[in-house]
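Report on one structure; see the data block that follows.
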Amino acid sequence: VVNVEFVQFKQDLKVLGDYSNNYITSIVRSEDQSIWIGTPIGLFRYQNSSGKPEMINCSATLSSIHTNRLFTDNSGNLWVSTFGGGVNFTDLSAKSFNKIQFADQSANYIRAIYNDSEADKLYLGTRTKGLVVYNLNTKQYRFITTQDGLSSNYIRSITKDKKGLI
């Protein structure tokens, strides 16, 4: 049995900006109960107390305004994968983002992200460069591509199976 909590978001998404499709790429709730909303036009934080989404100044904080995937880790850090800017992360109390970017610019188009906290690794699915395995302790990374056996270098989703394999 899985307990799932749904929160109804009764906000006109047009307040997220002048973006006619109201396209949301990812939503996550942080420990402080803020709802973080990723879109192609930026990152927003919604707090029930204010009742309005707040746009985060992405040009000053993130490596790209086009956010793809959001998640919070066991330490409460917010992780933001971007389309063209790699991955950004922050301790929410710090209010500034750190960046993980790769020398090969095409590897910075991150479509999926998975945090393996047991192994201190971050798995990043890219648009053209396959899977990036990033060691959070050493900051070293390696690419796994079709040359290593992947069926495609376009990775849209990452998860573990019942055996613990990615």
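Side chains included, hydrogens not; waters and symmetry mates left out as well; all remaining heavy atoms used.
Contact of the Leu78 side chain with the Trp36 side chain is registered, since non-hydrogen atoms from C-beta on lie closer than 4.5 Å. Residues Leu43 and Leu62 form a side-chain contact, since some pair of their non-hydrogen atoms from C-beta on lies under 4.5 Å apart. For the pair Thr25 and Pro40, the minimum side-chain heavy-atom distance is below 4.5 Å. Residues His66 and Thr82 are not in side-chain contact: their nearest non-hydrogen atoms beyond the backbone lie 4.5 Å or more apart. By the 4.5 Å heavy-atom criterion applied to side chains, Glu118 and Lys160 are counted as neighbours.
Taking all atoms of both residues into account, the shortest heavy-atom contact from Arg69 to Arg111 is NE-O, 3.3 Å. Closest approach of Ile110 and Asn68 over heavy atoms only: O-ND2, 2.6 Å. Between Phe102 and Ala107, the shortest heavy-atom contact is CD1-O, 3.8 Å. Scanning both residues, Thr67 and Gly42, for their nearest heavy atoms gives OG1-O, 3.5 Å. Contact between Leu150 and Leu131 at its shortest, heavy atoms only, is CD1-N, 3.9 Å. Pairing each heavy atom of Gly86 with each of Ser63, the nearest pair is N-OG, 4.3 Å.
Without hydrogens or angle criteria, Thr90 side chain to Ser96 main chain gives a donor-acceptor distance under 3.5 Å. Gln101 contributes no side-chain N or O that, together with a main-chain N or O of Asn108, makes up a donor-acceptor pair within less than 3.5 Å. With Thr126 contributing its side chain and Gly130 its backbone, the two residues share a donor-acceptor pair below 3.5 Å.
With respect to Asp120, the side-chain hydrogen bond (donor to acceptor under 3.5 Å, both in side chains) criterion is satisfied by exactly one of Asn137, Asn135, Asn115: Asn137.
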Item to check | CA sep, side-chain torsions, deciding dist, call: Ser75, Asn77, side-chain hydrogen bond (donor to acceptor under 3.5 Å, both in side chains) | outcome: CA-CA 6 Å; Ser75 300; Asn77 296 312; 4.5 Å; no
Item to check | Residue pair Asn88, Trp79: steps toward the side-chain hydrogen bond (donor to acceptor under 3.5 Å, both in side chains) verdict | outcome: CA-CA 6 Å; Asn88 301 260; Trp79 291 80; over 6 Å; no
Item to check | Stepwise side chain to side chain contact (heavy atoms under 4.5 Å, CB included) check, Leu124 with Val87 | outcome: CA-CA 9 Å; Leu124 307 171; Val87 177; 3.6 Å; yes
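For Lys99, the NZ atom sits in a packed shell: over 12 heavy atoms of surrounding residues, nucleotides or ligands are nearer than 6.0 Å. No more than 12 heavy-atom neighbours from other residues, nucleotides or ligands sit within 6.0 angstrom of CG on Asn74.
In the hydrophobic clustering of ILVMFWY residues, with side-chain heavy atoms under 4.5 Å counting as a link, Val28 and Leu92 come out together. Put simply, Ile35 and Phe44 are part of the same group of oily side chains (I, L, V, M, F, W, Y) that touch within less than 4.5 Å, one to the next. Linking Ile, Leu, Val, Met, Phe, Trp and Tyr whenever their side-chain heavy atoms come within less than 4.5 Å puts Ile113 and Phe143 in one cluster. A chain of hydrophobic side-chain contacts below 4.5 Å, direct or via other Ile, Leu, Val, Met, Phe, Trp or Tyr residues, connects Ile144 to Ile158. Hydrophobic clustering (side-chain heavy atoms under 4.5 Å, transitive across Ile, Leu, Val, Met, Phe, Trp, Tyr) keeps Tyr123 apart from Phe71.
Checked against the 6.0 Å centroid threshold, Phe97 and Phe89 do not count as a close aromatic pair.
The aromatic rings of Tyr134 and Tyr141 sit parallel, their planes meeting at an angle under 30°, below the 60° perpendicular limit.
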